[in-house]
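The figures here come from the full heavy-atom set of this structure, side chains too, leaving out hydrogens, waters and symmetry mates.
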Amino acid sequence: MRSTPIVIALQALTLLAAGYAAFVTAGLNGEAEEAAARAAAHQTRAGELEAQGRYAAAATAWRRVAQVARHPGTVDGALSRADRAAALTVVSGGGLPADSARPALVDLSERLAGGEGDDRVAAVGLDAVLRRLEGNLVAAAKVIVDAEAEGVASPWFDWQMGIIRLREGRTEDARGRLEALVKARPEFAAGLHRLGLVYMAGDQREAAIGALQKAIAAGGPPEVSLDLARLHLGQKMWAEAIPHLERVLRGQGGNVDALRLLAAAHYRLGRHAVAARTYRQAYEMDGDPRTLLSAAIALQAGGKQGEALAVLDTLMPRVEQLPEVAWQRGKILLDLGRVGEGRVTLERYLTAAAGKPEEAERMAEVRALLGQGRAQRPAPAPSPQMPAPQMPAPQMPPPQAPVPQPVPQVPAPQAPVPQAPAPFVPADP
């Protein structure tokens, strides 16, 4: 009977061990359930992001699913979905990826190879981008055309083909593809922007305005507003252009092209003081003498000839580069009755303008003025201020450029009538 306490102790230890095991099992099950709940929440969010076309965020959400999930099948599925979303991030992008990203994209393409459904779409689209990155547009188009022949379809194929056809100069084919894209993806700002540029190239201005306005409403970048402003300016819709230029400046305060366009719009509306001030702001950024010359012209048009003359005086050392400075200065001096100084300045203009075909018309006017026989102020008809030329139709910036592209400067209000805009030639960055 002495063994009874020992038996009791052993029984107690057995019960404690069983209880501990149950406790541990319950804890592990709780952690597993919590992990499954977190994975499910990330999975739901990832699906929502994919549906919105926010593929980069969706890829991150799918990777989080893989990090917290415990079931191997769930982890594998999440990693596969993350790869697909990463590929579609590239396929739906407005520009080409950096060349340094090629090895990682090739690896991604290999992981997607052989997939079906949405995985196939992502793989084909990524393959097309890699061909474009090589500069092989024919091969890029063939990848998509072959997939479509097998019954695979996607708005992102239209997006890629629209870009390819534009690069090939097949604008009508590009328009058809982009119209199909925005019908399927009406909130895709980059597609609406590109379609608006295609309409602009085809002189379909009303359609272009509509597409660009939709792109802005869909959250398009300031570049969309800049293109829409150019379109309004090309139609002499000065007031309508101003809000879009102001939006650009709110998003890109250092955009000197937008500042010059804004100054030109104010000038056309007769707001000469505002135009002059805005041109001066732009000059502080670009240092281009033509921009400061535009400020002087705006001051002169607003009746502030003394201020205009002071600005032109600062530009006279650059007269060989910009003969119009001397022409403007001479006209103001004559208008102010300072005939001797005016004639000397106009003679300086003739020297600086010699051999420059673009100055031929002004040179003829100055020679006629100086050859009148005696110094006198010009008659009212040949006003010191040249008539403002019509605003040219906006040139097309490369619609696919994610980095700043050169944009033609808006002519100064009194500058010579510019040449016709260059043809629309979209380019990859």
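Using a 4.0 Å cut-off between charged nitrogen and carboxylate oxygen, E365 and R362 do not count as a salt-bridge pair. Between R260 and D286 a salt bridge is recorded (basic side-chain N to carboxylate O distance below 4.0 Å). Electrostatic pairing of R131 and D127 counts as a salt bridge here, judged by a charged N lying under 4.0 Å from a carboxylate O. Under a 4.0 Å N-O distance rule, the pair R205/D203 qualifies as a salt bridge.
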*Is there a side-chain contact (heavy atoms from CB on, under 4.5 Å) between R280 and V311 once you walk through the steps?*
CA-CA 10 Å; R280 280 175 157 164; V311 172; 3.0 Å; yes
*Should F157 and V121 be marked as a side-chain contact (heavy atoms from CB on, under 4.5 Å) after you check the CA-CA gap, both sets of side-chain angles, and the distance that decides it?*
CA-CA 8 Å; F157 290 176; V121 169; 4.1 Å; yes
*Evaluate the criterion side-chain contact (heavy atoms from CB on, under 4.5 Å) for residue pair Q281 and L249; output intermediate values, then yes/no.*
CA-CA 12 Å; Q281 290 174 353; L249 293 171; over 6 Å; no
_side-chain contact (heavy atoms from CB on, under 4.5 Å) assessment of W238 paired with L233_ = CA-CA 6 Å; W238 321 119; L233 291 172; 3.5 Å; yes
*Walk me through it: do Q52 and E187 pass the test side-chain hydrogen bond (donor to acceptor under 3.5 Å, both in side chains)?*
CA-CA 9 Å; Q52 297 168 11; E187 299 300 318; over 6 Å; no
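When every heavy atom of A258 is checked against every heavy atom of V248, the shortest pair comes out as CB-CG1, 3.7 Å. Of all non-hydrogen atoms in M161 and A141, the two that sit nearest each other are SD-CA, 3.9 Å. When all heavy atoms of H232 and A241 are compared, the closest pair comes out as CB-CB, 3.8 Å. Residue A174 comes nearest to L166 through the heavy atom pair CB-CG, 3.5 Å, listed as atom of the first residue, atom of the second, then distance. Heavy atoms only, all atoms of each residue included: V143 and A128 are closest at CG1-N, 4.3 Å. Between Q300 and A308, the shortest heavy-atom distance links the atoms N-CB, 3.8 Å.
In this structure a side-chain-to-backbone donor-acceptor pair under 3.5 Å is missing from R175 to Y199. Remark: side-chain polar atoms of T44 are paired, donor with acceptor, to backbone N or O of A40 under 3.5 angstrom.
Looking at residues two or more places apart in sequence or on another chain, you find a side-chain contact (heavy atoms from CB on, under 4.5 Å) between R84 and E50, R81, L88, L112, D118, D119, A122. Looking at residues two or more places apart in sequence or on another chain, you find no salt bridge (Lys or Arg N to Asp or Glu O under 4.0 Å) involving E116. Residues satisfying the salt bridge (Lys or Arg N to Asp or Glu O under 4.0 Å) test with R277, not counting sequence neighbours, are none. Considering only residues two or more places apart in sequence or on other chains, E347 meets the salt bridge (Lys or Arg N to Asp or Glu O under 4.0 Å) condition with none of them. With sequence neighbours left out, R271 forms a salt bridge (Lys or Arg N to Asp or Glu O under 4.0 Å) with no residue at all.
Evaluated for a side-chain contact (heavy atoms from CB on, under 4.5 Å) with S225, the options E246, H244, R250 yield exactly one hit, H244.
Rounding to the nearest 0.5 Å gives a distance of 9.0 Å between CG of L312 and CG of L333. Note that the CE atom of M237 and the CD1 atom of I242 stand 12.0 Å from one another [nearest 0.5 Å]. A distance of 8.0 Å separates CG of L181 from CG of L192, quoted to the nearest 0.5 Å. Atoms CD1 and CG, from I163 and D158 in turn, are 11.0 Å apart once rounded to the nearest 0.5 Å. Put simply, NE2 on H42 and CZ on R63 are 13.5 Å apart, with the number rounded to the nearest 0.5 Å. Atom CD of residue E284 and atom OG1 of residue T291 lie 11.5 Å apart, to the nearest 0.5 angstrom.
When side chains are defined from C-beta on, Q321 counts as touching R290, because their heavy atoms get closer than 4.5 Å. By the 4.5 Å heavy-atom criterion applied to side chains, L315 and Q328 are not counted as neighbours. Proximity of V90 to L105: side-chain heavy atoms (C-beta onward) are separated by under 4.5 Å at one or more points. Here the side chains of T345 and W327 are not in contact, with every heavy-atom distance at 4.5 Å or above. With a 4.5 Å cut-off on side-chain heavy atoms, L292 and T314 count as touching. With contacts defined as side-chain heavy-atom distances shorter than 4.5 Å, the pair E240/L228 does not qualify. Two residues are said to be in side-chain contact when any heavy atoms from C-beta on lie closer than 4.5 Å; T278 and Y267 fail this criterion. The shortest side-chain heavy-atom distance between R329 and R348 does not fall under the 4.5 Å cut-off.
At most 12 non-hydrogen atoms from other residues, nucleotides or ligands lie less than 6.0 angstrom from NZ of K183. Around the CZ atom of R64, the shell of radius 6.0 Å holds no more than 12 heavy atoms that belong to other residues, nucleotides or ligands.
Note on residues 140-154: pairs passing side-chain hydrogen bond (donor to acceptor under 3.5 Å, both in side chains), not counting sequence neighbours, are R120-E150, K142-D146, E148-R177.
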